[in-house]
Amino acid sequence: MGKEGNEWVVTRTGRAPSNIAVIKYWGKRDEKLILPINSSISVTLDPAHLSATTTVSASPAFESDRLWLNGKEVSMEGVRYKNCLREMRARATDMVDERTGVTIRKQDWANVHVHIASENNFPTAAGLASSAAGFACLVFTLAQLFGVKETYEGELSAIARLGSGSACRSLYGGFVKWNMGQDVDGKDSIATQLAEHTHWDDLVIIIAVVSSQQKETSSTAGMQESVRTSPLLHFRAQEVVPQRIKQMEEAVKTCDFEEFAKLTCADSNQFHATCLDTSPPIFYLNDTSRRLIGLVERWNRFAGKPQVAYTFDAGPNAVMFARDQEVAVLLLQRLLFQFPPLPDVELSSYVVGDQSVLKSAQLDSQQDLQTIPVPAEMAGAVMPLRTPGELGYIICTRPGQGAYVLNADNVGLLDPISGLPLQLHQ
Ligand SMILES: Nc1ncnc2c1ncn2[C@@H]1O[C@H](COP(=O)(O)OP(=O)(O)OP(=O)(O)O)[C@@H](O)[C@H]1O
Ligand SMILES: C[C@@](O)(CCOP(=O)(O)OP(=O)(O)O)CC(=O)O
């Protein structure tokens with residue numbers, strides 16, 4: 001190593017977004033390598049609103065590999081962390097750290113431990129794909145630290161996949177496909193970008209957060225049970241998804257919202273049908289989720305063509321796509337009409353993320369909610385209940401870019417001298 005002694009610490013920070021699948025991954029053909037039974041397609045969410053930020057440091061002074069998640073130390077003994085770290089270390093190259101002047105040779109990396117600190121700017125383990133953002137960010141940032149160059153396109157995504165399947169899609173921005181692949185070693189089970197987020201920049205994404213509580217059945221356990229017991233899942237993977245993947249690729253390519261919306265809703269509903277077809281059945285949707293589905297379906301039918309698409313992962317939160325800003329305003333009005341915040345909650349803390357939709361709707365405070373007209377499709381119909389507080393909150397966002405490096409000096413989560421977390425949260 002270039003410098004004598006144990007005095008140096010090299011550090012890198014990166015950010016990676018969460019993603020939402022519009023053609024779902026559910027079921028593995030290989031548990032260890034995390035190889036799926038079908039391909040999937042996702043939309044990357046704007047990292048400004050849903051992302052993980054990770055700082056990684058290496059120093060000969062560190063005694064072990066350590067990880068702090070949202071300020072709390074967690075074990076790195078889990079097989080998924082170990083697999084990602086092992087694969088990244090094995091690809092480390094000679095590197096010169098410009099900031100410290102330290103030179104680290106390829107063979108030295110094996111004896112140097114890492115400290116990792118990561119924070120999510122949204123709830124962890126609440127069905128908002130924190131594991132996708134987290135593992136993508138870990139692999140991406142370690143690649144910066146270790147100077148890893150891909151030897152084939154998608155190599156980093158195949159390593160992120162070892163952390164969590166859906167993580168492989170979070171390295172790229174916009175619209176992303178995870179090819180299920182054929183190889184037994186998983187080398188071809190990688191993510192590829194279908195289109196940048198700027199390719200279809202009309203889309204607005206609104207997430208109705210029904211619950212930020214940790215769910216009962218994890219995705220990992222749930223899909224294992226479905227593979228074991230659901231005949232519908234196998235029919236889906238073999239007969240339905242291959243066709244839908246092609247149709248969705250075409251819909252993305254041509255920015256065909258009608259087709260995109262039909263496929264997205266149908267695929268979410270079929271995924272939840274496979275959960276119900278699992279023995280014992282798994283229920284990720286709840287009454288609020290079903291009321292949200294009703295709201296969108298009623299409106300789409302009234303409008304004569306889809307205005308909004310909905311999709312639900314392994315939890316009750318609805319992710320809705322509005323075809324453009326104008327429709328996003330109408331959607332937000334409908335959500336606030338049916339699901340207003342509790343009286344003591346500020347509107348600006350109830351609707352978070354991209355504030356432009358709230359502004360376009362000319363809604364500044366709770367008082368303005370009284371001015372929202374009864375949605376046209378509800379006139380004359382049985383009025384749905386208005387239930388203040390039924391939703392936790394609403395996130396407005398858009399399709400966004402993939403993982404990127406954060407270079408500024410003040411963005412790291414680890415002290416550049418000690419390599420310990422800068423702010424320990426209680
Ligand atoms: N920023 C992060 N860095 C590293 N690991 C993370 C990070 N965020 C989450 N994780 C890992 O992911 C786990 C949460 O994954 P889990 O699948 O339970 O929830 P989720 O990803 O939020 O929900 P879902 O996958 O259903 O959308 C955490 O316990 C942790 O192990
Ligand atoms: C419903 C899903 O969100 C399932 C995601 O499952 P995970 O990627 O969290 O599962 P593991 O690979 O076991 O870590 C659909 C999707 O994202 O495609």
Side-chain angles (χ1 to χ4, degrees), residues 14-45 50-56 67-72 74-81 83-85 116-142 160-170 176-178 180 189 191 207 209 211-227 241 264 267-268 270-272 274-275 282 284-285 311-317 319 413:
R15 179 165 292 160
S18 178
N19 72 76
I20 178 73
V22 288
I23 302 293
K24 305 288 184 194
Y25 147 56
W26 195 250
K28 300 182 184 68
R29 63 179 197 273
D30 184 315
E31 289 287 332
K32 272 203 193 128
L33 292 174
I34 310 198
L35 301 177
I37 59 170
N38 60 255
S39 298
S40 54
I41 292 180
S42 60
V43 180
T44 301
L45 303 173
L50 291 111
S51 61
T53 300
T54 302
T55 299
V56 290
L67 166 68
W68 290 265
L69 182 52
N70 297 321
K72 267 178 119 179
V74 296
S75 163
M76 281 209 70
E77 286 306 302
V79 64
R80 291 174 172 217
Y81 287 119
N83 286 348
C84 289
L85 194 52
I116 302 162
S118 188
E119 279 183 1
N120 301 323
N121 63 359
F122 62 102
T124 300
L128 292 171
S130 67
S131 55
F135 280 104
C137 203
L138 176 66
V139 167
F140 177 79
T141 315
L142 284 174
R161 194 198 71 226
L162 300 173
S164 181
S166 51
C168 73
R169 299 185 308 236
S170 268
V176 183
K177 175 179 172 186
W178 173 13
M180 63 176 288
S189 190
I207 306 175
V209 181
S211 157
S212 299
Q213 299 300 306
Q214 217 150 324
K215 58 189 172 242
E216 261 174 48
T217 312
S218 71
S219 303
T220 308
M223 67 176 83
Q224 262 170 10
E225 290 291 288
S226 298
V227 167
V241 174
T264 298
D267 205 69
S268 172
Q270 188 176 72
F271 153 52
H272 289 280
T274 68
C275 292
I282 308 167
Y284 288 124
L285 304 180
T311 186
F312 295 78
D313 271 352
N317 305 326
V319 179
L413 303 173

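Start at 1 and go down the list; that is how both ligands and their atoms are numbered. All values reported here derive from a predicted model rather than from experimental measurement.
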Residues which pass ring pair (Phe, Tyr, Trp, His ring centres under 6.0 Å) with Tyr81, listed by chain and number, not counting sequence neighbours: Phe135
Derivation and outcome, side chain to side chain contact (heavy atoms under 4.5 Å, CB included), residues Trp178 and Tyr25: CA-CA 9 Å; Trp178 173 13; Tyr25 147 56; 3.4 Å; yes
Test item: Thr274 side-chain N/O and Phe271 main-chain N/O as donor-acceptor pair under 3.5 Å: yes
Part of Leu138 within contact of ligand 1 (heavy atoms, under 4.0 Å): neither
Polar contact flag for Thr54 and ligand 1 (N/O pairs, less than 3.5 Å): no
Nearest-option assignment for atom 21 (O) of ligand 1, heavy atoms, candidates Ser131, Ala167, Ala16: Ser131
Closest to atom 11 (C) of ligand 1 (judged by heavy-atom distance), picking from Tyr81, Phe122, Tyr284: Tyr81
Side-chain donor/acceptor of Asn120 to backbone N/O of Gly134, under 3.5 Å: no
Donor-acceptor pair, side chain of Ser268 and main chain of Phe312, under 3.5 angstrom: yes
Proximity of Ser219 to ligand 1 by residue part, where a heavy atom lies under 4.0 Å: side chain
Any donor-acceptor N/O pair, Ser218 side chain to Ala221 backbone, under 3.5 Å: yes
Nearest neighbour of atom 7 (C) of ligand 1 from the list Ile116, Leu69, Ile20, Leu67, on a heavy-atom basis: Leu69
Any N or O of Ser118 closer than 3.5 Å to N or O of ligand 1: yes
Residues in the immediate environment of ligand 2 (any heavy atom closer than 4.0 angstrom): Ala21, Lys24, Tyr25, Trp26, Lys28, Ile34, Arg80, Ser131, Ser164, Gly165, Ser166, Arg169, Ser219, Thr220, Met223, Phe271, Asp313, Ala314
Side-chain (Arg161) to main-chain (Ser189) donor-acceptor, under 3.5 angstrom: yes
Main-chain N/O of Lys24 paired to Ser40 side chain as donor or acceptor, under 3.5 Å: no
From CA spacing to verdict: side chain to side chain contact (heavy atoms under 4.5 Å, CB included), Ile20, Ile207: CA-CA 11 Å; Ile20 178 73; Ile207 306 175; over 6 Å; no
Mode of Ala52 contact toward ligand 1 - side chain, backbone, both, neither (heavy atoms, under 4.0 Å): side chain
Rounded distance [0.5 Å steps], CZ in Arg15 versus CG in Asn121: 7.0 Å
